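What you see is a predicted model; the values in this text were computed from it and never measured.
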Amino acid sequence: MFCGKIRLAVHQEASRWSQELAADAPGAREVLRRDLKRYFTSSLASRWPQVQASGVADRALRSETLLRGGVDALLATLVPQWRWQAPTLHIPFPRPWDVDLGGRGLLLVPSYFILGALLMRRPGKSTVLAYPVYRGDRPAGATDALGPLLGRTRAAVLAVLRDPATTTAVAERVGVSIASASQHATVLRGAGLVSTTRMGGAVLHVLTPLGAALLHGDATAT
């Protein structure tokens, strides 16, 4: 009986707080801010640099795909096993979904914390689709497999670009000179495996969809 009363009191308090938050009460917002800060500190802070790096890599890959292949290429390469047949995006898991854009548009939200798709339809507005963020994962031994094709150093340069990097960062990751890193990146860019964007006095190298497919061993890439 005593435990039952405690649970009832907790439920009532949570319900009252939810109502206050919905009403945009300052006190409820402060409770939410404080709790979110505690959660971030205890559960996310140590991994946040990795989360941010994955977000940067995903944004770079999607932007490059959109630039080179347009919306069709972006949607066709969004997640492996997802199929784009205009105007419908077919998602097989976590349960089969056919997302018909219907001229309303699609708001893409990359997420580090989901494995499948999360979909939210909004009447009169664009559909929201959360998808697993690109993390640049690759099979173990990918560099060894590509070594005979590209040369070990060039294959290593391609592999480290699973996370976008400047020429200096590439050189540090692979353990070569900046001049050598620049030369290898130039060859990879000429082959359509890497794209390069100038940022002030530095350049940022990013895998193209073809480069990512080669690194992942995707035999269906064209």
Between Leu44 and Val51, is a side chain to side chain contact (heavy atoms under 4.5 Å, CB included) present by the stated rule, with each step listed? CA-CA 9 Å; Leu44 296 178; Val51 174; 5.9 Å; no
Run the side chain to side chain contact (heavy atoms under 4.5 Å, CB included) check on Thr168 and Glu172 step by step: do they pass? CA-CA 6 Å; Thr168 300; Glu172 292 174 348; 3.8 Å; yes
CA sep, side-chain torsions, deciding dist, call: Val157, Val187, side chain to side chain contact (heavy atoms under 4.5 Å, CB included): CA-CA 11 Å; Val157 169; Val187 174; over 6 Å; no
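To the nearest 0.5 Å, atoms CZ (Arg34) and CZ (Arg29) are separated by 13.5 Å. Interatomic distance, Thr127 OG1 to Leu106 CG, rounded to the nearest 0.5 Å: 6.5 Å. A distance of 8.0 Å separates CG in Asp100 from CZ in Arg121, rounded to the nearest 0.5 Å. To the nearest 0.5 angstrom, Leu129 atom CG is 5.0 Å from Ile91 atom CD1. A distance of 8.0 Å separates CZ of Arg173 from OG1 of Thr166, quoted to the nearest 0.5 Å. If you take OG on Ser43 and CZ on Arg38, they are separated by 13.0 Å, rounding to the nearest 0.5 Å.
For the 3.5 Å distance criterion, the side chains of Asp58 and Tyr131 qualify, holding a donor opposite an acceptor.
Remark: side-chain polar atoms of Thr167 are not paired, donor with acceptor, to backbone N or O of Ser182 under 3.5 angstrom. One N or O on the side chain of Thr41 and one on the backbone of Lys37 form a donor-acceptor pair closer than 3.5 Å.
Side-chain atoms of Pro132 and Leu115, non-hydrogen and from C-beta on, never get closer than 4.5 Å to each other. Here the side chains of Leu107 and Arg122 are in contact, with some heavy-atom distance below 4.5 Å.
Following chains of ILVMFWY side-chain contacts shorter than 4.5 Å, one can reach Trp48 starting from Tyr39, so the two form part of one hydrophobic cluster. The hydrophobic cluster containing Trp97 does not contain Val128, counting ILVMFWY residues as joined when their side-chain heavy atoms lie under 4.5 angstrom apart, directly or transitively. Criterion: ILVMFWY side-chain heavy atoms under 4.5 Å apart, direct or through other members. Under it, Val109 and Val133 are not part of a common hydrophobic cluster.
A pairwise comparison of heavy atoms in Trp82 and Pro92 identifies CD1-CD, 3.7 Å as the closest pair. Among all heavy-atom pairs drawn from Ala165 and Val170, the shortest one is CB-CG2, 3.9 Å. For Leu188 against Leu158, the heavy-atom pair with the smallest separation is CD1-N, 4.0 Å.
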